[in-house]
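Position 1 is the first residue of the sequence; numbering continues from there. This one's a predicted model, so the numbers in the text were calculated from it and none came from an experiment. The analysis underlying the following values was restricted to heavy atoms, covering all of them including side chains, and did not include hydrogens, waters or symmetry mates.
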Amino acid sequence: MPGFRRWSKSKFKKNPESSFKLLAAVLVITLYLLIKEFSNPTVRTARVPSKGAQIQYTDWQNGTDKADPEKAAAVREAMRYTFWKYRQNAWGSDDIRPVTGGNYSSRNGWGAFIVDSATTLAVMELWEELTLSVPFITSIDFSTAEDLVDPFETTIRYLGGLVSLVDLVDAGSIPHNIVTPEERNQLVQQAVVLANKLGPAYDTPTGMPFPRVDFNTTQGVPDPPSVFLEDPEKPQYQHPVIGPARTGSNILENRVLTRLTSNNIYAKNSTRAWAPLVWNKWISPWEGMVDAPIDIVTGAPVGRQRHWDGGHDSYYEYLVKITLLAHPSDPYLAVYKQTFLDAAYSLRRYLSTRSASAPNHTMQHLFIGRQDDQWYLNRQGHLACFAPGTILLGSKFYDQPYLRTFALALLEGCHHTYTSTPSKIGPENWSWIPKFGFDDPVFTPDTRRQQKEWAKTGFWATNAKYKGRPEYVESLFYAWRITGQTRYRDWAWEAFSAMEEWCKAPYGYAQLTDVYKVKPGDWPGKGEERWVDQQESFWAAETLKYLYLTFSDAEVASLDNWVFSTEGHLFRMIR
Ligand SMILES: *[C@@H]1O[C@H](CO)[C@@H](O)[C@H](O)[C@H]1NC(C)=O
Ligand SMILES: *[C@@H]1O[C@H](CO)[C@@H](O)[C@H](O)[C@H]1NC(C)=O
Ligand SMILES: *[C@@H]1O[C@H](CO)[C@@H](O)[C@H](O)[C@H]1NC(C)=O
Ligand SMILES: *[C@@H]1O[C@H](CO)[C@@H](O)[C@H](O)[C@H]1NC(C)=O
Ligand SMILES: *[C@@H]1O[C@H](CO)[C@@H](O)[C@H](O)[C@H]1NC(C)=O
Ligand SMILES: *[C@@H]1O[C@H](CO)[C@@H](O)[C@H](O)[C@H]1NC(C)=O
């Protein structure tokens, strides 16, 4: 594919037709929201959830849509272990240290674990645990923060967790004696306080959010110097810049908050935040995909990175999910759908490559790389394993058989990274030699270890950590619920068994230093270095939730009625 390295002369040129389209779009959005505000001020009063969409498989044979009670119970037990170790040793901090029982707070210290894990407790019907969490959540003081607040992380973990809990109450999934009507209203109020405090983030000429908000001064601010200290290679630009995921993954959470409050400001600000991506006025060589990073003041791309991996991922995810979540009368659903389809086909055409046969591994696997300027980077991160699930969702909803085949092939690639390591857990990121089109790939196996891994499996790890991430099992959950093929349930069980065996630590589930070296004997001393003493809240919010829902009855949190956020919080599809 010679197009890969083409230097586009259209670098950062405005497309005049699109400028007009953007203006027209913003006008119509405003008009639509105004009309909606005045024509239907009572969206709050509980509407009966209608059947949303036909997403899940229907032709289940031999009762395979029923729960696998033993496996579901094992995952639920892992959640109980995770919860109670945190409860006994780190209650109120953001996260526990699973090896030593210490704690740390990197999410403003509001108790990220408690808020992020509550919807998983609800889905698993762990009522005793949820009864402990809810009073804590309703008494968090979201109006103050000592540190600068990251609007993206705060929206997906805290705001999403809050409004999802309310939706679960309203749908009758949480009994009223567990969350009382009064507590339900307090949860909405907490979401309002938090969303309003995040408001100044959107106060930019483009509407794309600032990297941080200072709650003391109620102003949006650039990245703090610590970000550049941690990553000395991060370039500094004239103005703050943002990636597609950070500006394009606020719309689900904020739409739900608008539905719960009848206040359109949340829908409006989050729509404006991603409008420069959706109605992209910069010439981009690939349909549907945007160049990043993007200057939040001018809206211009200042780099030419294009991919679906970390930093860009959930923008593409939210394009399809908003079309499931939003009311069909929303005038922009057709644009979101087309942009998603364009981006998914661009991903397939330009960024997915098959691995070449390796000396001891003839099978070829489909992986997704990334484009940086004129270079194709033959490297994929674990984060990008969300793509099979999201594309499968789109393929079903939009009836696109080619995308289904593509998604399942990508999922097989992620599966291969899991089954190829001694721990049976895939690495944080990896590279391969593309079979076609590249005589001289950017990454090649350089060390002896990389050469060995490549010869044996056709790829090699470029970062061998496992961070407790959900993306692979998340995609297995979608594959199971959408195709009904039991192998995806089997793969999920293999992944869970490996996590149970290698990640379970004295105070929770630890991250792995190296998925190729997990036996205590692989390490000197007591072997505890094989663990990283961290447990991010997405372990409970997502990884365990998706595993559980793969073994539960297929009607639990059905994809026909619920839309899952990028943090695994589920929102009612009210269409
Ligand atoms: C259902 O069970 C029958 C009889 O055991 C078997 O032949 C068939 O392949 C099964 N179908 C599926 C989809 O597992
Ligand atoms: C967190 O750890 C510190 C020691 O580093 C300890 O003083 C504190 O009590 C712990 N916090 C919680 C909530 O357990
Ligand atoms: C906000 O004010 C508090 C109290 O004065 C201070 O401790 C904290 O550092 C301030 N936060 C920021 C981000 O400046
Ligand atoms: C909405 O955006 C405006 C800037 O356009 C900002 O001033 C306001 O605080 C935001 N409100 C919310 C709730 O996001
Ligand atoms: C590859 O296969 C050859 C011959 O079958 C064997 O000698 C060699 O050890 C294998 N190498 C690896 C890395 O597995
Ligand atoms: C792979 O991991 C390294 C180390 O964490 C990181 O610097 C790099 O950005 C990652 N690359 C991808 C494609 O995820």
Side-chain angles (χ1 to χ4, degrees), residues 54-76 78 348 352 354-355 361-368 380 382 384-396 400-427 430 457-459 466 469-502 515 542-560 564 568:
Q54 182 54 64
I55 300 296
Q56 294 203 152
Y57 187 66
T58 49
D59 199 16
W60 301 96
Q61 304 283 317
N62 303 348
T64 47
D65 59 325
K66 295 290 167 258
D68 184 328
E70 277 162 33
K71 296 188 170 114
V75 179
R76 195 167 178 268
R348 176 167 167 264
S352 65
R354 235 164 231 296
S355 58
H361 186 82
T362 50
M363 237 180 110
Q364 297 153 11
H365 305 276
L366 196 65
F367 296 124
I368 37 183
Q380 178 176 344
H382 188 287
C385 286
F386 88 99
T390 289
I391 294 172
L392 207 52
L393 180 67
S395 81
K396 182 69 187 261
Q400 300 282 319
Y402 286 120
L403 288 184
R404 177 187 167 106
T405 310
F406 174 50
L408 294 176
L410 289 180
L411 184 52
E412 191 282 328
C414 295
H415 175 240
H416 177 61
T417 68
Y418 267 63
T419 55
S420 296
T421 72
S423 63
K424 302 298 165 206
I425 295 175
W430 62 90
T457 64
F459 74 93
Y466 174 60
R469 290 196 193 282
E471 291 75 21
Y472 170 61
V473 296
E474 169 185 348
S475 283
L476 291 180
F477 159 70
Y478 283 97
W480 163 244
R481 292 285 186 96
I482 292 172
T483 72
Q485 290 174 20
T486 45
R487 64 200 206 120
Y488 299 117
R489 230 184 193 180
D490 298 340
W491 294 2
W493 182 248
E494 284 158 18
F496 174 72
S497 306
M499 292 166 190
E500 189 67 20
E501 180 164 12
W502 302 119
V515 293
E542 300 185 72
T543 311
L544 290 176
K545 185 187 279 130
Y546 288 125
L547 282 165
Y548 176 78
L549 289 175
T550 304
F551 302 116
S552 72
D553 194 293
E555 282 308 301
V556 178
S558 168
L559 292 171
D560 298 347
F564 288 78

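Here Ser355 contributes atom OG and His361 contributes atom NE2; the two are 6.5 Å apart, rounded to the nearest 0.5 Å. The distance from the CG atom of Leu476 to the CG atom of Leu392 is 11.0 Å, given to the nearest 0.5 Å. One distance of note links CG of Leu547 with OG of Ser552; it measures 11.0 Å at 0.5 Å rounding. Note: Glu494 CD to Lys424 NZ = 9.0 Å, rounded to the nearest 0.5 Å. Atom CD of residue Gln380 and atom CG of residue Leu410 lie 7.0 Å apart, to the nearest 0.5 angstrom. Taking CG from Leu366 and CD from Glu412, the interatomic distance works out to 9.0 Å, rounded to the nearest 0.5 Å.
Applying the ring-ring contact (aromatic ring centres under 6.0 Å, His included) test between His382 and each of Tyr418, Phe367, Tyr472 identifies Tyr418 as the sole match.
Nearest heavy-atom pair, Ala479 versus Leu408, reported as atom, atom and distance to 0.1 Å: CB-CD2, 4.4 Å. Pairing each heavy atom of Arg489 with each of Lys66, the nearest pair is NH2-O, 2.9 Å. For Tyr546 against Gly568, the heavy-atom pair with the smallest separation is OH-CA, 3.4 Å. Considering every non-hydrogen atom in both Gly484 and Trp60, the closest pair reads CA-CZ3, 3.5 Å. Smallest separation of non-hydrogen atoms from Thr543 and Met499: CG2-SD, 4.1 Å. Across all their heavy atoms, Val515 and Gly426 have their closest contact at CG1-O, 3.7 Å.
For the pair Thr405 (side chain) and Pro401 (backbone), a donor-acceptor distance under 3.5 Å is present. Using a distance-only test at 3.5 Å, with no hydrogens or angles considered, a donor-acceptor pair links the side chain of Thr417 to the main chain of Cys414. Side-chain atoms of Thr64 come within 3.5 Å of backbone atoms of Gln61 as a donor-acceptor pair (strictly under, hydrogens ignored). No donor-acceptor pair closer than 3.5 Å links the side chain of Arg481 to the backbone N or O of Thr550. Side-chain N or O atoms of Asp68 include none that pairs as donor or acceptor with a backbone N or O of Phe551 at under 3.5 Å. In terms of modelled atom types and a separation under 3.5 Å, the side chain of Asp560 and the main chain of Gln54 share no donor-acceptor contact. Between the side chain of Ser475 and the backbone N or O of Leu411, no donor-acceptor pair lies under 3.5 Å. Side chain of Lys71 to backbone of Trp493: no donor-acceptor contact under 3.5 angstrom is found. Remark: the backbone N or O of Glu555 is not paired with any side-chain donor or acceptor of Ser558 at under 3.5 angstrom.
Ser423 has its side chain out of reach of Tyr466: every pair of non-hydrogen atoms, C-beta onward, lies at least 4.5 Å apart. The side-chain heavy atoms of Asp65 and Gln56, taken from C-beta on, include no pair separated by under 4.5 Å. Residues Thr457 and His365 are not in side-chain contact: their nearest non-hydrogen atoms beyond the backbone lie 4.5 Å or more apart.
In this structure, Phe477 has its ring center closer than 6.0 angstrom to the ring center of Phe564.
Considering only residues two or more places apart in sequence or on other chains, Trp491 meets the ring pair (Phe, Tyr, Trp, His ring centres under 6.0 Å) condition with His415, Tyr488.
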